[in-house]
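Chain naming here is simple, since letters A, B, ... match the order of the sequence lines and numbering starts at 1 in each.
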Amino acid sequence: MAKSALLKSSIGKKYWMALTGLFLCLFLVGHLAGNLQLLMPNSQLQFNQYALFMTTNPAVKILSYLTYISILFHAVDGILLAIQNKKARPVGYAKSNPSANSSFASRNMAVLGTLVLVFIATHMINFWAKMHFDEKMPLMTQTIEPAPGMKSEYYVGRAVGQYYQVDQVKLPGEKEPEAGLPPKQLEVKNGTDLYNVQANVKVGELYKDLHKITFDFFKDKKYGLYFTLFYVFSMLVLAFHLWHGFQSAFQSLGLNNPKWTPIIKFAGKAFAVIVPILFAIIPLYIHFSK
Amino acid sequence: MSAAKNINITLKIWRQKNAKTKGGIETYKLDNVSTASSFLEMLDQLNEQLVNERKEPVAFDHDCREGICGSCSLYINGRAHGPDTGITTCQLHMRMFNDGDTIFVEPWRSKAFPVIKDLVVDRSAFDRIQQAGGFVSVNTSGRTIDANSIPVPKDDADKAFMAAACIGCGACVATCKNGSAMLFVGAKVSQYALLPQGKVEATERVLNMVRQMDEEGFGNCTNTGACEIECPKGISLENIARMNREYLKASL
Ligand code: HEM
Ligand code: SF4
Ligand code: FES
């Protein structure tokens, strides 16, 4: 009996590249929709609520694990394929003219993909890891002026209308107020939970301020411009990866037909241009905004 | 067409004594090449010159010299089968070149096609892929029924015929940056998969041929599309997609 090898055969590997690649395209759309909220004026609360939803909702959790697995699988499989392909031609040509019959993107998927991987890694360190693991992740505050001239900073509670004056809240690791001053009434525990110190009961929950992290990152006095440029460059790389990748995935899955293929190719190119541009506009807007 | 004239050219040709030795590019000057001659006739002329100089002639593959056997296999000036479309090397003419041109001539480069000598490569990997499933098992004991007695939809027959036009020359492998044989195997799988006679063994065929293709050390297709452009027989990428579908069907 002839055996199929859905994981190991050349064609099997291509199915996985295509499936994970297309899933990652869907992921890009979702991620983009979230990011675009940053362009809205006064998006701080909405964006942080969205960030909270994305890190806690069980359905989103499943999707995000699928995304991690897809990226890993796509990257590992892609690099294995690229190594095999290099080995398939041990001696090269003295003269050859690859650009005459194939596009730049199609010939450089592995390099483009690896650059995208580097970007994903830095991106996760800068935002995802902070959101998930950083104990010192700032909590969302808002300046409120309850009476004229009485401006002060408040932590924003998750329940509507809950605000806690910043100087009454003790952050983890913060020293007790100096002798003579009244002790703080409230204390932050487990990252975002707010406790009454004396009664030791939870009184509310706060938001991690991913919005601030993002704005501070791209507006950083020293490095903000470099971070922005690196982001824009990475989106250019992604655009090339998608320029070839989107339609290629359909061919890998055997979906090639005279009626649909031209439409898929056009849609792929549109996707490859529009999605990275929209992504790149966001850090540019943040960096150059007042 | 303009009248034939004679041109002088410089050739840069890969020379390699045998599979075990290291080869290298050698430069030859060849004068008075008629633009009416074919590329292979030009190489014959060069070999005559080399023999007269008591040098070893250049070994190159050829048989039919009319574009059907698929044995001529030269990578000329950075292009499989040279600077013309829809032709094999034997159909390339010197009118495609100009006086004073330098022309690179190299063998197909693929791990699965090792060089035997000079420009001749061993393409028996393709034979082994064919033997793994590129046929239909028909009892040929004398009571064979005529193939035309089985009705085939015109569209399928045309597509199968177009796939069967593949002559197994290996230009697709040679031109592919990954040294992938998927256009060849796609054509061979398709030519049977489309016909009722081939459907019976379709599952085994695609699994076995793909397995053999992988074992031979060909690379993986990344859909660059270079093969389709350089194929002398215009084999379409649709055949690769069909093979991918057939493989999936056979796997599930
Ligand atoms: C958001 C991120 C990414 C998206 C949306 C994406 C999307 C795609 C798509 C749709 C394909 C076409 C699949 C096919 O030809 O069947 C592809 C191919 C490829 N990707 Fe990615 N990719 C991403 C990240 C990466 C990363 C991180 C790598 C890491 C090395 C990578 C490496 C590759 C390679 C090597 C190929 C070519 C595979 C082949 O044709 O054999 N990609 N990608
Ligand atoms: S598919 Fe085309 S290039 Fe490849 S072996 Fe067949 S005829 Fe030659
Ligand atoms: S010699 Fe037969 S195809 Fe060229």
Heavy-atom proximity to chain A below 4.5 Å, by part of B:Ala174: both
Atom CH2 of A:Trp16 with >12 non-hydrogen neighbours under 6.0 angstrom: no
Part of B:Glu106 lying under 4.5 Å from any heavy atom of chain A: side chain
Pairwise distance NZ(B:Lys111) to CD(A:Gln84) - rounded to 0.5 angstrom: 9.0 Å
Whether B:Arg245 side chain and A:Gly254 backbone form a donor-acceptor pair below 3.5 Å: yes
Contact leader toward chain B among A:Pro98, A:Gly245, A:Gly92, A:Gly12, where contacts are heavy-atom pairs under 4.5 Å: A:Gly92
B:Val210 side chain near A:Ser10 side chain, heavy-atom distance below 4.5 Å: yes
Max heavy-atom pair count under 4.5 Å with chain A, selected residue of B:Glu228, B:Met182, B:Arg242: B:Met182
Atom group of A:Tyr15 that falls short of 4.5 Å from chain B, counting heavy atoms: side chain
Over 12 non-hydrogen atoms of neighbours within 6.0 angstrom of OH in A:Tyr226: no
Straight-line distance of A:Tyr93 OH to B:Trp108 CH2, nearest 0.5 Å: 6.5 Å
Test applied, side-chain contact (heavy atoms from CB on, under 4.5 Å); reference residue, A:Ser102; option that passes from B:Thr175, B:Ile229, B:Thr224: B:Thr224
Interface residues of residues 212-221 of chain B facing chain A - heavy atom cut-off under 4.5 Å: B:Met213, B:Asp214, B:Gly217, B:Phe218, B:Gly219, B:Asn220, B:Cys221
Most contacts with chain A, counted as non-hydrogen pairs under 4.5 angstrom, among B:Leu237, B:Asn223, B:Asn178: B:Asn223
Residue, of B:Phe104, B:Tyr75, B:Phe113, that accumulates the most heavy atom pairs under 4.5 Å with chain A: B:Tyr75
Proximity of residues 256-266 of chain A to chain B, residues having a non-hydrogen atom under 4.5 angstrom: A:Asn256, A:Pro258
Over 12 foreign heavy atoms within 6.0 Å of OH, A:Tyr285: yes
Whether over 12 other heavy atoms sit under 6.0 Å from A:Phe240 CZ: no
Between B:Glu238, B:Met243, B:Lys12, the one whose heavy-atom pairs under 4.5 Å with chain A are most numerous: B:Glu238
Residue part contacting chain A, namely of B:Ile25, when any heavy atom lies under 4.5 Å: side chain
Worked check of side chain to side chain donor-acceptor pair (under 3.5 Å) between B:Tyr247 and A:Ser9: CA-CA 10 Å; B:Tyr247 194 84; A:Ser9 72; 3.1 Å; yes
Which of A:Asn97, A:Val91, A:Leu253 touches chain B most, by non-hydrogen pairs under 4.5 Å: A:Val91
Test item: B:Glu230 and A:Asn101 side chains (from C-beta on) under 4.5 Å apart, heavy atoms: yes
Residue, of B:Val206, B:Ile76, B:Ile240, B:Leu248, that accumulates the most heavy atom pairs under 4.5 Å with chain A: B:Leu248
Test item: B:Arg109 side-chain N/O and A:Arg89 main-chain N/O as donor-acceptor pair under 3.5 Å: no
Atom of B:Ser110, atom of A:Pro90 and distance for their closest heavy-atom approach: C-CD, 4.3 Å
Neighbour count above 12 (heavy atom, 6.0 Å) for A:Lys87 NZ: no
Portion of B:Cys176 that has a non-hydrogen atom of chain A nearer than 4.5 angstrom: backbone
A:Asn85 side chain reached by B:Thr222 side chain, heavy atoms, under 4.5 Å: yes
